K.L.:
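There's a structure below that I have some questions on.
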Amino acid sequence: MNNHVIKASNFIDGKWDEFSNNTITNVNPATLEPVSTINISTVEDVNRAVESSKRAFKEWSSFPAPKRGDILYKIAEELKKRKQELSELMTLEMGKVITESEGEIQEAIDMAYYMGGEGRRLSGEVVPSELPNKMAMAIREPLGVIGAISAFNFPVAVPSWKIFPSLIVGNTVVWKPSPNTSGIAAEFVKCMVDAGLPKGVINLVVGGEDKVGEALVSHPDISLISFTGSTHVGQKVYQACAANHKQVSLELGGKNAIMVLEDADLPLAARAIAWGAFGTTGQRCTSTSRIIVQKSVLEELTPLLLEEVAQLKIGNGINHDVNVGPLINKEALKRVEQYVELAKKDGVPIHYGGNKIGEEGYYFEPTVIGPVSPSSAFATEEIFGPILSIITVDTFDEAIEVNNSVDFGLSSAIFTRDLNKAMKAVRKVDTGIVYINHSTSGAEIQMPFGGTKHTGNGKREAGQAALDTFSEWKTIYIDYSGDLQRAQIDVDFA
Ligand code: NAD
């Protein structure tokens, strides 16, 4: 064990619990050395956490929003102070390369400042009434206790999209991070506590594919579940929330494509594809996992792309010159190997990579395969690893059709110099996010984030849209006429 070993136990009602006998150890995916010890919570712990959040809600929700905002600013300052240390811990526990870990902590800092500012806005609506001497307005109310469940791949940034908007509108939160990254989650909670977040406003419980997440989802005192994870688990969460009449925000899987048209800046497209496909080792919900290329430029694009891929340095992400780190665990490595086996079996050409690297660490080469059929497993299933599939098309219309032919709907991108085509693509793609002349990744916190179809349920978690997800509208009518005025009836329209 080195001195970076991190620990995560329950944080309930302002206190860290003692460790129980039920713990798991996470290894550093780059070295396989033990890196964090995680205490697996019980259903009883979930109940205590929800109780604590419920108690804290009364005071926190009546605290003026600008004061809640002040605390979010302090959280941002605390994260800034600890940015380097937190980034290193994230890389050790999750394997993400250090520059991306730094970017991720920065994203949480940005979100804390952005939502802190909302403390002095939280805009509502004031609109004209159809009757004289009457006002109509709508204000935001908090929902109550939010259950936040998050995935391993963005262990701090994505939770910050859930926690900070929740807090600014006056909710309290019980958070269950992925067991793979609960160590860094605990460190993130420490920052919030050190910044002065009152007891019970944030509670942390820890668990895997087990009773902890399920207990949170079915708890009657939780008003909304904000879930980020796979579509498969998200569907179970969706059903359980419906059964308990609970609101839910789902941020699920993706199968994102970059379309490359024949008039594109091909060297730029090649760089963007390599970044989109192999950044975070292909483990982003927005990773580029398909490229849809017009046949006439395939021959020119392929060598440019392979040249970019060949320049990527693979290794332990703690070193600043590394571009691609390991996969999260053995299962992820196995899944990627199985897709390559299938490609070999199906006779799909492998242009680059295709192999596991070394015995120490869960490394896999950036892999480029294709052309594949748009309906094949490679082109329709979320692989969540460093495999990029090439699909060829004849026309712009066909590119759009293939882009939209998958069950997922998170992010699309198009490379073209033709503004008319770019704008037509923007309107025709059925994803929640679309980029022109950029890869499918690169979200900024002040914009709505989320997807269509099997990627979500219509909610968004970032920007102003997050305020809608984590609050409830309350409509207020004030009639100061001194008379009974009936809407629609006592109105004299021409
Ligand atoms: P996962 O679905 O395996 O786990 C996500 C979370 O759900 C974890 O905390 C897990 O412990 C918990 N969980 C598991 N079973 C549960 C149950 N029955 N009830 C409640 N909670 C349960 O996902 P993962 O492997 O950690 O992350 C990868 C997935 O997340 C990918 O599909 C990726 O696309 C998706 N993701 C989506 C977004 C987005 O914003 N759309 C962002 C990041 C990741």
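Both ligands and their constituent atoms are indexed starting at 1 by order of listing. In this text the structure is predicted, and so the values were computed from the model without any measurement.
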K.L.:
On the ring face of Trp60, is Lys199 found with NZ or CZ under 6.0 Å from the centre and within 45° of the axis?
P.N.:
no
K.L.:
Record the part of Val233 in heavy-atom contact with ligand 1 below 4.0 Å; permitted values are side chain, backbone, both and neither.
P.N.:
side chain
K.L.:
Assess the side chains of Ser249 and Glu461: does a donor N or O sit below 3.5 Å from an acceptor N or O?
P.N.:
yes
K.L.:
Determine whether any heavy atom of Gly456 lies closer than 4.0 Å to an atom of ligand 1.
P.N.:
no
K.L.:
Can Gln247 and Ser223 be counted as having a side-chain donor-acceptor contact under 3.5 angstrom?
P.N.:
no
K.L.:
Return yes if a side-chain donor-acceptor contact under 3.5 Å exists between Asn47 and Glu51, otherwise no.
P.N.:
no
K.L.:
Is it true that Phe154 lies under 4.0 Å from ligand 1, counting heavy atoms only?
P.N.:
no
K.L.:
In terms of atom number and element, which parts of ligand 1 are under 4.0 angstrom from non-hydrogen atoms of Glu251?
P.N.:
37 (C), 38 (C), 39 (C), 40 (O), 41 (N)
K.L.:
Give me the one residue out of Ser182, Ser20, Ser9 that meets side chain to side chain donor-acceptor pair (under 3.5 Å) with Asn39.
P.N.:
Ser20
K.L.:
Does only the side chain of Asn180 get under 4.0 Å from ligand 1, or the backbone, or both, or neither? Count heavy atoms.
P.N.:
neither
K.L.:
Give a yes or no on this: more than 12 heavy atoms of other residues, nucleotides or ligands lie within 6.0 Å of atom NZ of Lys83.
P.N.:
yes
K.L.:
At under 4.0 Å between heavy atoms, which part of Gln283 makes contact with ligand 1: side chain, backbone, both or neither?
P.N.:
neither
K.L.:
Using the six-membered ring of Phe154, assess whether NZ or CZ of Lys96 lies under 6.0 Å from its centre and within 45 degrees of the ring axis.
P.N.:
yes
K.L.:
Just by distance, with hydrogens left out, do Gln464 and Gln446 show a side-chain donor and acceptor under 3.5 Å apart?
P.N.:
no
K.L.:
Could you name the option among Gly253, Gly432, Ala151, Gly229 that has the heavy atom nearest to atom 35 (C) of ligand 1?
P.N.:
Gly229
K.L.:
Can you list the ligand 1 atoms lying under 4.0 Å from a non-hydrogen atom of Pro179?
P.N.:
11 (O)
K.L.:
Is there a donor-acceptor contact under 3.5 Å linking the side chains of Glu107 and Trp161?
P.N.:
yes
K.L.:
Go through ligand 1 atom by atom and flag the ones less than 4.0 Å from a non-hydrogen atom of Phe152.
P.N.:
24 (P), 25 (O), 26 (O), 27 (O)
K.L.:
Side-chain contact test, heavy atoms from C-beta onward, threshold under 4.5 Å: evaluate it for Ile387 versus Phe378 and give yes or no.
P.N.:
no
K.L.:
As an exercise, identify every atom of ligand 1 less than 4.0 angstrom from a heavy atom of Gly207.
P.N.:
11 (O)
K.L.:
If I apply the N/O under 3.5 Å rule, does Ser230 come out as touching ligand 1?
P.N.:
yes
K.L.:
Looking at Glu331, I want to see if its CD is surrounded by more than 12 non-hydrogen atoms of other residues, nucleotides or ligands under 6.0 Å.
P.N.:
yes
K.L.:
With respect to atom 8 (C) of ligand 1, which of Gly213, Ser150, Ala462, Ser411 exhibits the smallest heavy-atom separation?
P.N.:
Ser150
K.L.:
Can a non-hydrogen atom of Gly451 be found less than 4.0 Å from any atom of ligand 1?
P.N.:
no
K.L.:
Looking only at distance, does Lys236 have an N or O less than 3.5 Å from an N or O of ligand 1?
P.N.:
no
K.L.:
May I ask you to check whether Arg284 has an N/O atom sitting below 3.5 Å from an N/O atom of ligand 1?
P.N.:
no
K.L.:
For ligand 1, which atoms sit closer than 4.0 Å to a heavy atom of Pro177?
P.N.:
9 (O)
K.L.:
Closest by any non-hydrogen atom to atom 5 (C) of ligand 1: pick that one out of Ile328, Thr228, Ile149.
P.N.:
Thr228
K.L.:
At a 4.0 Å threshold, what atoms of ligand 1 neighbour a non-hydrogen atom of Asn153?
P.N.:
43 (C), 44 (C)
